[in-house]
Amino acid sequence: MARPTPIDLVPPETPNPNEKLTVSELCAELKVARSTFYEWRQKRCGPRCIRLPNGGLRIRRRDLDAWLSTQEVA
């Protein structure tokens with residue numbers, strides 16, 4: 001049996017609930033196309049977003065996590 005290395009003993013980093021994700025980061029994390037994200041926005045069934053003054057969107061980690069928990073099925 002192999003001995004654990006120090007890297008194996010480090011617990012995974014917990015995400016910051018106040019972290020703000022870009023649309024690209026969210027799409028990469030959920031493995032969905034950007035067009036799918038914008039379709040969810042149009043139908044008002046996606047996660048809450050923050051619109052920046054320059055028109056960009058950001059998604060709070062806590063809003064994404066809350067939205068994902070509502071999407072769970074039994």
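For Arg58 against Lys20, the heavy-atom pair with the smallest separation is CB-CB, 4.0 Å. Between Cys27 and Ala33, the shortest heavy-atom contact is SG-O, 4.0 Å. Contact record, Cys49 with Leu57: CB-CD2, 4.2 Å, taken as the closest heavy-atom pair. Residues Trp67 and Gly46 approach most closely at NE1-C, 3.4 Å, considering heavy atoms.
Interatomic distance, Arg60 CZ to Arg48 CZ, rounded to the nearest 0.5 Å: 6.5 Å. In this structure, OG1 on Thr22 lies 7.0 Å from CD1 on Ile59, to the nearest 0.5 angstrom. Taking CD from Gln42 and CZ from Arg44, the interatomic distance works out to 10.0 Å, rounded to the nearest 0.5 Å. Taking CG of Asp65 as the start and CD of Glu19 as the end, the distance is 9.5 Å to the nearest 0.5 Å.
Remark: Gln71 CD is packed, more than 12 non-hydrogen atoms of other residues, nucleotides or ligands lying under 6.0 Å away.
Using a 4.5 Å heavy-atom threshold, the side chains of Asp63 and Ile50 count as separate. For the pair Glu29 and Leu64, the minimum side-chain heavy-atom distance is below 4.5 Å. Looking at Trp40 and Val32, their side chains come closer than 4.5 Å, going by heavy atoms from C-beta outward.
For the residue pair Asn16 / Arg61, no side-chain donor-acceptor distance below 3.5 Å is found, with atom types taken as modelled. For the residue pair Ser24 and Arg34, a side-chain donor N or O sits within less than 3.5 Å of a side-chain acceptor on the partner.
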